[in-house]
A.B. asks: 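Please find one structure pasted underneath; my questions will follow.
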Amino acid sequence: MRSIIRSKYYGIIRAVTVALAFFLQIITMCIMASYLMKGFFELYFILELVSVITVFALVNDEESYKQGWILIILMLPISGLFLYFMWGRKRENSPYYQRFRDLEIDTAKYLKQDERVATNIQQEHPNKVQISRYLRRSGYPIYDGTKVTYYKVGEDMLTAMLDDLRKAEKFIFMEYFIVSEGRVWDEILEVLTQKVKEGVEVKLLFDDFGTLRINTHAFRRDMESRGIHMRVFNPIHQDVTRMTFNYRNHQKITVIDGNIGYTGGINLADEYANYIVRFGHWKDTGVRLVGNGVWSLTCFFLEMWRSTRKAEVLDYEKYKPSIQVEEDGFVQPFMGGPHRNPTNPIEGAYTRMITKARDYIYITTPYLVLDQNMLEDLRSAAESEVDVRIIVPAIYDKWYVYMVNVSNYGKLIEAGVKIYEYKPGFIHAKNVIADDECAICGTINTDYRSFYHHYECGVFMSEMDAVAKMKQDFMETLEQCEEIQFDKWKKRPYHQKVVQSALKLLSPML
């Protein structure tokens with residue numbers, strides 16, 4: 001009984017320990033700042049001077065999210081400066097970043113572009129080929145011969161995924177941000193256990209922060225006893241002082257035998273299938289790929305898997321697709337992370353979808369925490385008479401993020417962007433659709449975390465039925481939404497405006 005209790009609270013204890021370590025650093029900084037002001041004027045002056053120099057450097061930086069850090073440093077010249085150097089600044093030459101760059105270079109050897117496909121999309125899809133070119137230049141090939149199924153709710157995708165898992169013959173790769181105890185995980189674990197007995201190779205990669213409650217010593221021993229290979233991405237108790245625990249693996253990928261792949265916003269927890277109710281109806285989306293395009297998802301998984309062990313060598317080739325699919329259209333899976341800043345393909349793909357739209361751009365996102373560049377891109381598109389519509393939740397999971405969402409409504413609506421709140425519950429879907437021609441479905445939120453701090457993935461699709469299905473789902477979802485009116489937004493309570501303005505300044509840290 002005692003071991004069960006220890007197992008249940010192990011994740012909570014680890015999280016609290018890390019949080020205490022972090023806040024002790026902040027308290028120490030504040031004490032140091034106070035002490036310096038009182039007794040060491042010269043040192044305090046030097047730190048103030050460094051703060052000013054840092055602000056000037058940030059003003060001239062290309063990354064607009066640094067504007068938030070400018071304000072934080074100006075408001076908290078000592079503590080803010082320490083926070084920035086620990087959390088906000090780039091560490092281009094750090095061993096942490098270099099390891100991911102080295103892995104990316106190695107993985108690139110397996111991600112070769114078929115020039116025939118590149119030529120075909122140029123001819124068949126001239127209006128949006130620039131998006132594909134950008135992603136290809138970033139290292140991600142485009143494929144034909146891939147069938148895509150779009151799922152407009154999580155329960156449908158999880159049901160299909162379970163069926164595919166039961167048919168696995170060679171290997172199963174699963175990479176997820178959140179895994180929680182419940183019906184979804186119990187059903188998946190039962191299948192994985194049976195597959196191992198049948199000789200199927202099973203690899204699980206979970207983010208440590210997202211799996212705090214389930215990722216205990218007992219859980220890992222249980223996986224080992226079942227013959228399941230499990231690894232944890234970026235344990236939160238490591239590098240607390242360097243703040244690399246802030247970089248999380250937000251990707252969601254399942255690959256089966258190299259021929260079937262899943263991705264989208266759906267994690268392995270009961271709320272994603274509406275088996276339990278947390279914030280009303282949980283609406284999420286995902287895609288199933290069959291055929292050539294699955295190869296990129298396989299490579300993404302293996303790259304992240306290798307990131308958990310230094311100098312690990314794997315033979316990617318034995319996991320290649322073994323079937324051929326005759327299907328119209330093109331798919332281009334892509335990924336990104338903090339080591340790619342300031343040219344992260346995750347934000348770059350979204351930016352190009354917006355700026356290349358001619359008729360409409362429809363976005364579904366739980367978090368509308370925009371940097372200045374994307375805010376202006378959306379405003380510019382709307383002012384150019386592109387139909388820009390964004391669906392966000394009315395029932396939120398994080399109140400402080402919702403406050404920032406609301407604070408961004410005004411400038412967008414003024415420019416002609418239409419904002420809709422999903423009334424039945426929490427919308428966690430991450431979709432972008434443009435001009436009946438192309439779409440992106442994946443793990444990417446429109447916030448600082450996805451664009452700057454997290455490892456994310458998505459699938460760019462064009463000239464296929466899945467794009468039409470995504471648009472149809474968007475229009476049907478609009479019927480369950482309330483459009484935000486500018487006059488009503490302006491009349492929100494004064495205390496909300498103050499809170500929203502304050503939280504917006506802290507957006508880079510949320």
Side-chain angles (χ1 to χ4, degrees), residues 111 113-136 140-153 156-157 160-161 164 252-256 258-266 284-298 300 321 323-335 345 349-350 352-354 356-364 429-444 457-477:
L111 292 172
Q113 178 63 63
D114 183 337
E115 293 302 325
R116 175 189 59 82
V117 180
T119 300
N120 287 346
I121 193 172
Q122 172 75 41
Q123 296 172 347
E124 297 180 29
H125 194 56
N127 294 324
K128 298 293 189 302
V129 74
Q130 297 95 329
I131 303 169
S132 175
R133 286 177 185 161
Y134 167 77
L135 291 174
R136 276 159 39 206
Y140 306 111
I142 191 162
Y143 303 89
D144 60 5
T146 307
K147 178 178 176 59
V148 178
T149 304
Y150 171 71
Y151 300 98
K152 62 182 181 180
V153 287
D156 288 351
M157 193 189 94
M161 193 168 77
D164 285 332
K252 297 124 182 121
I253 293 173
T254 291
V255 176
I256 301 163
N259 298 321
I260 300 173
Y262 288 87
T263 191
I266 300 153
D284 219 323
T285 59
V287 287
R288 174 183 186 261
L289 278 59
V290 181
N292 295 334
V294 179
W295 176 235
S296 281
L297 295 179
T298 303
F300 297 168
I323 63 171
Q324 293 294 319
V325 175
E326 294 296 327
E327 193 74 23
D328 293 334
F330 304 90
V331 300
Q332 194 164 14
F334 62 98
M335 63 176 287
Y350 268 45
R352 282 156 181 79
M353 287 283 287
I354 295 166
K356 297 300 178 184
R358 303 185 318 280
D359 300 321
Y360 74 81
I361 183 85
Y362 297 159
I363 299 172
T364 308
K430 304 108 171 27
N431 293 345
V432 183
I433 315 120
D435 299 339
D436 290 351
E437 294 174 340
C438 58
I440 292 174
C441 179
T443 70
I444 307 159
C457 65
V459 180
F460 172 73
M461 298 165 277
S462 62
E463 302 297 326
M464 59 173 46
D465 185 59
V467 175
K469 293 288 180 61
M470 290 177 69
K471 181 185 179 182
Q472 180 182 356
D473 179 37
F474 185 93
M475 302 309 292
E476 290 173 354
T477 304

A.B. asks: Measuring from atom CG of Leu135 to atom CE of Met335, what distance do you get when rounded to the nearest 0.5 angstrom?
C.D. replies: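 Leu135 CG to Met335 CE: 13.0 Å, rounded to 0.5 Å.
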A.B. asks: Between Lys152 and Asp156, does at least one N-O distance fall below 4.0 Å, as a salt bridge requires?
C.D. replies: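 Asp156 and Lys152: not salt-bridged.
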A.B. asks: Quickly, which of Thr364, Thr285, Asp473 forms a side chain to side chain donor-acceptor pair (under 3.5 Å) with Asn431? Name it, please.
C.D. replies: Thr285
A.B. asks: For a quick test of reading the model, state the closest non-hydrogen atom pair linking Pro345 to Tyr140 and the distance between them.
C.D. replies: CG-CE1, 4.0 Å
A.B. asks: Under 3.5 Å, side chain of Tyr262 to main-chain N/O of Ala160, donor-acceptor pair present?
C.D. replies: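 Checked: pair present.
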A.B. asks: Ring centroids only, cut at 6.0 angstrom: are Tyr134 and Phe334 within range, meaning strictly under it?
C.D. replies: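 Between Tyr134 and Phe334, the centre distance exceeds or equals 6.0 Å.
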A.B. asks: Considering non-hydrogen atoms only, spot the tightest contact between Ile142 and Gln113 and give its length.
C.D. replies: N-OE1, 2.8 Å
A.B. asks: Is there a donor-acceptor pair under 3.5 Å between the side chain of Asn292 and the backbone N or O of Asp144?
C.D. replies: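 Indeed, once roles are kept as given, a pair shorter than 3.5 Å links the two residues.
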A.B. asks: To the nearest 0.5 Å, what is the distance between CD1 (Ile444) and OG1 (Thr263)?
C.D. replies: 8.5 Å
A.B. asks: Quick one: does any side-chain atom of Asn259 pair with a main-chain N or O of Gly291 as donor and acceptor, under 3.5 Å?
C.D. replies: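 Such a contact is absent between Asn259 side chain and Gly291 backbone.
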A.B. asks: Apply side chain to side chain contact (heavy atoms under 4.5 Å, CB included) to the pair Met353 and Ile131, showing each step before the final yes or no.
C.D. replies: CA-CA 7 Å; Met353 287 283 287; Ile131 303 169; 3.6 Å; yes
A.B. asks: Please find the pair of heavy atoms, one from Leu111 and one from Pro141, that lie closest to each other, and give the distance.
C.D. replies: CB-CD, 3.8 Å
A.B. asks: Between Arg358 and Asp435, which heavy-atom pair has the shortest distance, and what is it?
C.D. replies: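 It is N-OD2, 2.8 Å.
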A.B. asks: Tell me if the NZ atom of Lys469 is crowded by more than 12 foreign heavy atoms within 6.0 Å.
C.D. replies: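 No, because the 6.0 Å sphere around NZ of Lys469 holds 12 heavy atoms or fewer from other groups.
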A.B. asks: So for atom CD, which belongs to Gln324, do other residues, nucleotides or ligands contribute more than 12 heavy atoms lying within a distance under 6.0 Å?
C.D. replies: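 12 or below, so no.
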A.B. asks: Can you list the residues that meet the salt bridge (Lys or Arg N to Asp or Glu O under 4.0 Å) rule with Asp114, with sequence neighbours excluded?
C.D. replies: Arg116
A.B. asks: If you measure from OG on Ser296 to CD1 on Ile253, what distance do you get to the nearest 0.5 Å?
C.D. replies: 10.0 Å
A.B. asks: Quick one: are Met161 and Ile266 in side-chain contact, heavy atoms under 4.5 Å?
C.D. replies: no
A.B. asks: Side-chain contact, heavy-atom cut-off 4.5 Å: Tyr362 with Met470?
C.D. replies: no
A.B. asks: Between atom OG of Ser462 and atom CG of Asp328, what is the distance when rounded to the nearest 0.5 Å?
C.D. replies: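 CG of Asp328 is found 11.0 Å from OG of Ser462.
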A.B. asks: For Asp164, which residues count as a salt bridge (Lys or Arg N to Asp or Glu O under 4.0 Å) partner, sequence neighbours excluded?
C.D. replies: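 Result, salt bridge (Lys or Arg N to Asp or Glu O under 4.0 Å) vs Asp164: Arg288.
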A.B. asks: Kindly compute the distance separating OG1 (Thr477) from CD (Gln472), expressed to the nearest 0.5 Å.
C.D. replies: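 Rounded to the nearest 0.5 Å, the OG1-CD separation comes to 10.0 Å.
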A.B. asks: Give a yes or no answer on whether the side chain of Gln332 reaches the backbone of Ser132 with a donor-acceptor pair at less than 3.5 Å.
C.D. replies: yes
A.B. asks: Heavy-atom count check: over 12 atoms from other residues, nucleotides or ligands less than 6.0 Å from Lys128 NZ?
C.D. replies: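 Yes, because the 6.0 Å sphere around NZ of Lys128 holds more than 12 heavy atoms from other groups.
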A.B. asks: Yes or no on side chain to side chain contact (heavy atoms under 4.5 Å, CB included) for Tyr150 and Met464, after CA distance, side-chain angles and deciding distance?
C.D. replies: CA-CA 11 Å; Tyr150 171 71; Met464 59 173 46; over 6 Å; no
A.B. asks: For residues Lys252 and Gly265, report the shortest heavy-atom separation together with the two atoms involved.
C.D. replies: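 So the two residues come closest at CE-O, 3.6 Å.
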A.B. asks: Could you tell me whether the side chain of Cys438 reaches within less than 4.5 Å of the side chain of Phe330, counting heavy atoms only?
C.D. replies: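 Sidechains of Cys438 and Phe330: no contact.
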A.B. asks: Return the minimal non-hydrogen interatomic distance between Thr443 and Gly264, and the atom names on each side.
C.D. replies: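 What the structure gives for the nearest pair is CG2-O, 3.2 Å.
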A.B. asks: Return the NZ to CD distance between Lys471 and Glu476, rounded to the nearest 0.5 Å.
C.D. replies: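 Here the interatomic distance stands at 12.5 Å.
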A.B. asks: Would Val294 and Tyr143 count as a side chain to side chain contact (heavy atoms under 4.5 Å, CB included) if you check the C-alpha gap in whole Å, the side-chain angles of each, and the deciding distance to 0.1 Å?
C.D. replies: CA-CA 9 Å; Val294 179; Tyr143 303 89; over 6 Å; no
A.B. asks: Is it true that Asp284 and Tyr151 share a donor-acceptor pair across their side chains at a distance under 3.5 Å?
C.D. replies: no
A.B. asks: Please step through side chain to side chain contact (heavy atoms under 4.5 Å, CB included) for the pair Ile323 and Val290, ending with a clear verdict.
C.D. replies: CA-CA 9 Å; Ile323 63 171; Val290 181; 3.8 Å; yes
